[in-house]
Peer 1: 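Got a structure for you, questions after.
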Amino acid sequence: MNHPGTSGLIFREPELWEKSRAGRCAVSIPGSDVETAPLNQEFTRDDVDLPELYEVDMVRHYTRLSQWNFGIDSGMYPLGSCTMKYNPKTNEAQASRDALASVHPLAGEPYTQGALKLMYDLERQLSAITGYDAVTLQPAAGAHGELTGMLIIHAYHEKNNDQRSKVLIPDTAHGTNPASVTLCGYEAVNVDSGEEGILTPEAVEAVMDEDTAGIMVTNPNTLGLFERNIREIADIVHAKGGLVYGDGANMNAIMGIVKPADIGIDVMHLNLHKTFSTPHGGGGPGSGPVGVTKALEPFLPVPIVEKNGENYTLTCDRPDSIGRLHTFYGHFGIMVRAYSYILSMGAEGLKNASQYAVLNANYLKESLKETLNLPFDKPCMHECVFNDKKQQAYHISTMDIAKRLLDYGFHPPTVYFPLVVDGSFMLEPTETESRETLDQFVQAVQAISREAAETPDLLHSAPNLTKVTRLDEVSAARKPCLKG
Amino acid sequence: MRYLPHTKDDIDSMLETIGKPSIDSLFDSIPDKLKTKEPLDLPQALTEWELDDHMHNVEQSIIASGLCTYFIGAGSYDHYIPHAVKYLISRSEFMTAYTPYQPEVSQGTLQGIYEFQTMITQLTGMDVATASHYDCGTALAEALLIALKKKKKKKVAVSALIHPAHKQIINTYLNPAGYEMLEIPFDENGRTDFSKVPDDDIAAIAVQSPNFFGNIEKLEQAKNACDEKKVFFIASFTEALSLGLLKSPGSYGADLVAGEGQSFGLAKSFGGPGLGLLAGTNKQMRNLPGRLVGKTKDSNGDRGYVLTLATREQHIRREKASSNICSNNGLNALTAAMYLASVGKTGIRKIAQQNHDKAVYLRKKLSEAGFTFPFETEFFNEFIAKAPEGFADTRKRLIEDRCLYAGLDIGQYFPDFKDHYLFCATEKVKKEDMDNLALEVKAL
């Protein structure tokens with residue numbers, strides 16, 4: 001059996017304050033060159049009880065913590081809908097360039113031309129990839145982009161004196177979709193995907209009316225299937241005065257193949273931390289730019305970057321704008337990484353990325369469909385959804401298989417999502433995994449499937465090689481301990 | 001392309017397994033009329049060497065580089081970042097992990113965020129801190145939304161001296177759902193005038209301290225005003241380092257605290273990504289949006305950490321969630337934790353005191369150089385000064401010749417304050433720079 005997982009030396013490491021010793025400090029603070037000026041004691045506090053470490057302890061603490069983490073650089077991370085592709089090192093080097101990392105947001109337009117030009121050019125590149133007339137880079141994450149998009153739809157109806165109360169959301173949608181809709185004061189209305197796992201024009205027609213602001217679609221959807229009726233669905237929604245929102249979380253399947261603006265989607269967010277290779281950081285910071293058609297451009301958040309001759313400026317004078325969504329201009333540091341990625345890949349490279357993402361997902365689907373149950377057996381896009389139906393006979397669940405994969409050295413896929421499949425096991429390999437790695441993964445799942453029948457306890461107790469075993473999440477939620 | 005693995009043989013044999021004749025045929029489920037026919041209109045791909053050259057040129061066209069002397073803050077502060085912090089946070093085990101959905105292989109992120117939450121509660125004086133938000137402005141908007149939902153009201157009152165961008169964010173978040181933000185004016189001392197809280201039926205009062213003018217607010221007055229009206233007391237701050245010296249908002253009885261944590265080891269990076277801090281009392285624990293890490297035990301009884309209280313969140317609650325937030329600014333929260341662990345109890349106090357000392361010195365030198373001051377109010381590291389005539393040209397020249405940023409013109413935010421500048425001094429500015437600035441202004 002050839003798989004990457006094995007046990008190794010793992011250090012115990014206490015919490016920071018258990019290492020603390022009074023009088024230690026991990027920074028050498030220069031003496032002050034000015035007189036001290038005590039502040040009125042009415043406003044000052046006693047000391048803050050922060051831990052006291054010297055530099056070596058601080059470095060070992062975080063080094064040991066890092067060794068308990070699994071990242072893309074550790075191995076294959078096929079987390080469905082999350083697009084865990086390789087995060088190029090050159091992106092990090094570019095973003096940490098001194099002038100880019102240290103430029104103050106209020107330094108003034110004449111002195112920050114390079115930063116503004118980079119933003120302007122990135123907007124144009126994202127426009128070229130998606131087909132949208134205009135793009136804002138301000139949203140700080142995917143869900144923030146969704147909120148931006150829904151606010152734009154809200155502002156559009158408001159401007160037309162035609163405010164509406166509902167938004168249609170397919171049952172395959174990410175949970176952020178209905179939550180974003182609620183933030184705009186709309187009610188989320190569920191639309192069932194059809195038997196084939198995709199939306200039908202009939203289902204949309206049945207619920208679309210003139211009190212519905214629009215529909216939120218994810219295409220390809222979270223089953224990894226392309227919503228091939230999208231044009232007809234968009235026509236139905238548009239005919240009733242609604243708009244179509246696209247959740248771009250799955251853009252990695254269609255770069256250079258489909259431009260969302262061309263297929264009837266009016267406004268869409270992208271996740272730079274998925275499709276455009278910027279790191280997820282264990283939960284952000286991400287970046288969620290939003291593209292819009294010409295008709296929606298006036299509603300984009302301010303400020304926007306404009307080009308006048310050879311000069312770049314930040315403009316706030318936009319009377320129909322939804323307003324501001326970030327204290328400054330969004331996550332500039334993430335934009336630099338995505339810009340570096342797009343320049344490194346070029347048009348052909350991005351198309352190849354989508355092609356190989358789809359090739360890899362279909363390869364996994366075909367290689368595993370004898371081992372795991374495949375509810376929708378048809379060609380997939382960049383991800384595919386299995387479930388635990390075949391293993392249930394041995395009282396083995398999706399969670400058991402996922403946990404056992406950890407022992408084999410693989411990060412599990414997304415589990416129990418999308419909700420439309422019981423016990424979902426949602427695989428998105430991305431384009432940056434080689435055939436050898438995919439084969440290792442397939443062998444691991446096959447081996448686990450055999451274990452399910454022969455030695456099911458190995459799965460029930462899994463993971464067995466990790467720093468900790470399965471954690472008591474029930475007690476964690478019942479008696480929350482959120483600080484030390 | 002060096003990130004893509006497949007050789008022609010790989011592709012052929014994989015297609016054979018799949019049973020498709022070509023890569024293009026993998027996309028047959030997409031109707032042809034929906035496909036784009038032209039190649040993407042993007043620049044020619046660059047090799048790494050070419051990208052280095054290109055980005056070097058981008059860098060050269062930014063005058064405001066790291067060698068600048070910044071006497072401006074206004075929500076983004078120029079503090080020293082220890083090398084150990086920068087080095088450790090770039091470890092790819094932290095950087096290239098996703099949100100810790102599989103806790104057994106995410107204990108590094110989880111313990112790190114748990115420690116972060118703990119240190120933020122200590123600094124803010126609150127019971128619970130979330131695993132982070134995007135920035136202070138969005139965290140503050142979310143805090144106000146909690147109050148509006150819990151109190152079932154339609155309006156909130158916000159100090160006129162919170163960061164101007166935060167007011168804009170609040171309006172963006174509140175208005176579409178039919179909520180309204182009212183302003184509380186400020187007094188002759190440059191502090192929020194809590195005797196002038198609007199009489200409307202409000203859900204919360206929000207105040208920033210130090211406020212946008214740099215002045216330290218009398219938060220006990222805010223607390224009294226909130227108690228009188230029986231509304232949420234929400235406190236915010238843009239300069240997290242001030243918590244090393246100033247009384248915590250929790251000690252004044254705040255219900256919710258929103259803050260910007262960029263000062264804790266994060267580069268200014270043209271304003272983002274920063275670090276939104278959001279903390280509350282125990283009573284607010286289940287109303288808080290965003291991730292929370294909790295301590296628990298594994299099946300062997302060993303200590304471990306998990307994401308918890310997920311029933312507040314969008315992936316479980318969908319349209320009934322407390323917020324739509326999913327990705328937050330986790331890596332930056334970890335950076336802040338590393339920074340706080342480095343400076344520790346004595347370091348944060350010393351650095352905070354130095355910030356104040358240098359700001360006091362700067363104010364004194366500017367006074368000698370002919371600046372006047374609209375307020376004689378206690379401040380931390382920022383204050384407002386009225387410039388002598390002709391200063392705007394000197395300021396421009398100092399940027400262009402010496403890369404020295406002498407204050408931020410606040411007339412753009414407060415039209416009554418023409419020729420007034422918001423100055424900031426951090427531990428990084430030198431006495432010599434302040435003396436030189438004063439000499440330049442005197443020479444006017």
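Just so we're on the same page: letters track the sequence lines, and every chain starts at 1. Heavy atoms only: backbone and side chains are in, while hydrogens, waters and symmetry mates are out.
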Peer 1: For S92(B), which of N69(A), D73(A), N87(A) qualifies under side chain to side chain donor-acceptor pair (under 3.5 Å)?
Peer 2: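 When side chain to side chain donor-acceptor pair (under 3.5 Å) is applied between S92(B) and each of N69(A), D73(A), N87(A), only D73(A) qualifies.
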
Peer 1: Calculate, to the nearest 0.5 Å, the distance between atoms CG and CG belonging to L123(B) and L50(A) respectively.
Peer 2: 5.0 Å

Peer 1: Measure distances from L79(A) to the heavy atoms of chain B and classify the residue's part below 4.5 Å as side chain, backbone, both or neither.
Peer 2: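 Contact with chain B involves the side chain of L79(A) alone.
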
Peer 1: Is any side-chain heavy atom of Q111(B) closer than 4.5 Å to a side-chain heavy atom of W68(A)?
Peer 2: yes

Peer 1: With distance as the sole criterion, is a donor-acceptor pair present between the side chains of H166(B) and T327(A) under 3.5 Å?
Peer 2: yes

Peer 1: Would you give the length of the straight line joining atom SG of C136(B) to atom NE2 of H326(A), rounded to the nearest 0.5 angstrom?
Peer 2: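 The NE2 atom of H326(A) is 10.5 Å from SG of C136(B), to the nearest 0.5 Å.
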
Peer 1: Kindly indicate whether the side chain of V59(A), heavy atoms from C-beta on, has any atom under 4.5 Å from the side chain of Y87(B).
Peer 2: no

Peer 1: Please rank D52(B), I351(B), L340(B) by heavy-atom pairs under 4.5 Å with chain A and give me the top one.
Peer 2: D52(B)

Peer 1: Side chain from CB out, backbone as N, CA, C, O: work out which of these in T308(B) comes under 4.5 Å of a heavy atom of chain A, or both, or neither.
Peer 2: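 Contact with chain A is through the side chain of T308(B) alone.
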
Peer 1: Does the side chain of S299(B) come under 3.5 Å of the side chain of T469(A) through a donor N or O and an acceptor N or O?
Peer 2: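 Side-chain D/A pair, S299(B) to T469(A): present.
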
Peer 1: Describe, in one word, how the ring planes of Y98(B) and H280(A) are oriented to each other, choosing from parallel (under 30°), tilted (30 to 60°) and perpendicular (over 60°).
Peer 2: tilted

Peer 1: Highest number of heavy-atom pairs under 4.5 Å with chain A: which of P82(B), G19(B), G137(B), S29(B)?
Peer 2: S29(B)

Peer 1: Please report the shortest heavy-atom distance between S367(A) and T17(B), naming the atom on each side.
Peer 2: OG-CG2, 4.0 Å

Peer 1: I'd like to know which of L408(B), L243(B), D28(B) tops the heavy-atom pair count under 4.5 Å against chain A.
Peer 2: L243(B)

Peer 1: Do H6(B) and N360(A) meet the criterion of a side-chain donor-acceptor pair at a distance under 3.5 Å?
Peer 2: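 The answer is yes; a qualifying pair exists.
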
Peer 1: Taking atom types as modelled and ignoring hydrogens, do the side chains of Y305(B) and E15(A) form a donor-acceptor contact shorter than 3.5 angstrom?
Peer 2: yes

Peer 1: Taking the side chain as C-beta and beyond, is there a heavy-atom pair between I18(B) and K365(A) under 4.5 Å?
Peer 2: no

Peer 1: Backbone N or O of Q354(B) within a donor-acceptor pair of the S32(A) side chain at under 3.5 Å?
Peer 2: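 Answer holds: no.
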
Peer 1: Rounded to the nearest 0.5 Å, what separates atom CG in L245(B) from atom CZ in R45(A)?
Peer 2: 9.0 Å

